[in-house]
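I have placed the structure first, in the form of structure tokens, so that the comments after it can refer back to it.
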There are 2 protein chains.
Amino acid sequence: MGTPKQFNQMLEKLTQNGLRVTEQRRTLVRIFSDYEGYLSPRDVYNKMAKHYPGVSFDTVYRNLRLLSDMGLLEQLYFMDGRSKFKGCCLPNDHHHHHHLICLHCEKTVPVDFCPMEYDLDLPQNFQIVNHRFEIYGLCEQCQHQAPITKTS
Amino acid sequence: MGTPKQFNQMLEKLTQNGLRVTEQRRTLVRIFSDYEGYLSPRDVYNKMAKHYPGVSFDTVYRNLRLLSDMGLLEQLYFMDGRSKFKGCCLPNDHHHHHHLICLHCEKTVPVDFCPMEYDLDLPQNFQIVNHRFEIYGLCEQCQHQAPITKTS
DNA sequence: CTTGTTGCAAAAACTTTGCACTGTT
DNA sequence: AACAGTGCAAAGTTTTTGCAACAAG
């Protein structure tokens with residue numbers, strides 16, 4: 001997940017959409033372009049609070065929502081229902097893909113394989129709208145340190 | 001999803017685990033053996049309340065949790081994070097499988113295809129713990145009546 | 001009778017909303 | 001100067017917990 005490139009692209013897209021670039025938003029964008037995994041609203045709030053002791057939760061929520069509506073962030077509900085955000089993979093890489101997700105650090109690795117490209121032998125009468133495919137596990141780093149986190 | 005067979009199996013399993021069969025639990029089990037899709041805690045509460053105007057939410061929650069811990073119910077967080085439960089497919093059918101899920105009525109169709117059986121060319125160093133594969137769409141019935149519900 | 005289960009009430013966690021003030025443009 | 005964005009406080013949801021009364025075995 002590129003740092004300066006993604007950072008600038010995200011800020012640009014903000015102004016393109018007629019949004020103002022406040023310090024809070026700049027920080028938010030920084031946080032996500034510096035981190036290649038998922039963060040919960042609370043994680044984000046904590047990171048934000050280091051720069052702005054006075055940030056409020058609702059600002060975090062509002063901006064997370066805004067940025068994901070705008071396509072800058074990807075929101076995912078984990079298997080256990082927790083809401084998480086991460087910076088979207090860059091538009092260049094922006095072909096359809098899925099992710100390996102580390103249960104411990106929640107960083108991700110993109111996977112090109114998509115089950116929908118195969119002949120799934122699905123019932124004819126079911127109209128497909130969408131699908132979801134995620135692989136959960138432990139990345140190399142976390143395999144050594146991690147007490148196994150529960151999956152769901 | 002069998003009705004009387006599943007109903008009895010579920011009650012049996014309750015007593016096997018040393019749990020008491022209360023009217024509330026009997027009703028809960030009935031609800032799930034009569035319905036082949038996912039229900040939210042609130043859905044369940046509403047259905048329960050028809051039989052027991054005085055049921056409390058916490059009883060619903062407690063029992064949903066108990067029954068899924070015991071393996072009688074399957075809990076799933078949808079793509080939009082909503083928590084849902086459904087009766088587990090019977091032990092006989094209980095080989096690994098995934099589901100088509102109707103976005104409108106939330107009924108399910110099992111799918112035998114599992115992406116993990118293929119050679120996914122994953123990074124060697126990632127230790128897989130778990131995976132998730134779901135296909136969302138509209139079942140035949142709902143294709144005709146349904147105003148498309150948003151997916152996530 | 002013993003002990004698990006329930007309903008109530010209250011609280012915790014998470015997310016959203018209204019409003020006056022502030023900071024970007 | 002105009003108005004989008006922020007912080008605060010308050011409220012809406014969903015889920016959990018403590019406790020006394022109750023009911024299943």
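Protein chains get the first letters and strands the later ones, always in sequence-line order, with residue 1 at the start of each.
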Tell me the interatomic distance from [X], atom [atom1], to [N], atom [atom2], rounded to whole angstroms.
X: B/R26; N: C/dT6; atom1: CZ; atom2: P; value: 12 Å
X: B/D80; N: D/dT13; atom1: CG; atom2: P; value: 17 Å
X: A/N63; N: C/dG23; atom1: CG; atom2: P; value: 16 Å
X: A/L64; N: D/dG5; atom1: CG; atom2: C1'; value: 15 Å
X: A/M48; N: D/dG7; atom1: CE; atom2: C1'; value: 12 Å
X: B/E23; N: D/dC22; atom1: CD; atom2: P; value: 18 Å
X: B/L67; N: C/dT5; atom1: CG; atom2: P; value: 11 Å
X: A/N17; N: C/dT25; atom1: CG; atom2: P; value: 14 Å

If only side-chain N and O atoms of [X] are considered, is one of them under 4.0 Å from the OP1 or OP2 phosphate oxygen of [N]?
X: A/Q24; N: D/dG7; answer: yes
X: B/T59; N: C/dG7; answer: yes
X: B/R42; N: D/dT13; answer: no

Would you indicate which nucleotide in [options] comes nearest to any side-chain atom of [X]?
X: B/P41; options: D/dT15, C/dT15, D/dA4; answer: D/dT15
X: B/T22; options: C/dT6, D/dT6, C/dT16; answer: C/dT6
X: A/Y61; options: C/dT15, D/dT15, C/dT5; answer: C/dT15

Treating Ile, Leu, Val, Met, Phe, Trp and Tyr as nodes and any side-chain heavy-atom pair under 4.5 angstrom as an edge, say whether A/M116 and B/V109 lie in one connected cluster. yes

Scan [X] against the nucleic acid and name what it touches under 4.0 Å (heavy atoms): base, sugar-phosphate only, or nothing.
X: B/D58; result: base
X: B/R65; result: sugar-phosphate
X: A/R62; result: base
X: B/G18; result: nothing

Under the criterion side-chain contact (heavy atoms from CB on, under 4.5 Å), I'd like the reasoning laid out for A/V111 against A/H97: C-alpha separation, chi angles, the key distance, then a yes or no. CA-CA 6 Å; A/V111 184; A/H97 64 271; over 6 Å; no

Would B/R132 count as a cation-pi partner of A/Y136, with NZ or CZ less than 6.0 Å from the six-membered ring centre and within 45° of the ring normal? no

How long is the straight-line distance from CG of A/D43 back to NZ of A/K84, given to the nearest 0.5 Å? 5.0 Å

Side chains of B/V29 and B/V21, heavy atoms from C-beta outward: is any pair under 4.5 Å? no

Between A/R25 and B/L19, the residue closer to the 5' end of DNA chain D by nearest nucleotide is A/R25

A/V55 or B/F57, whichever maps to the more 5' nucleotide of DNA chain D: A/V55

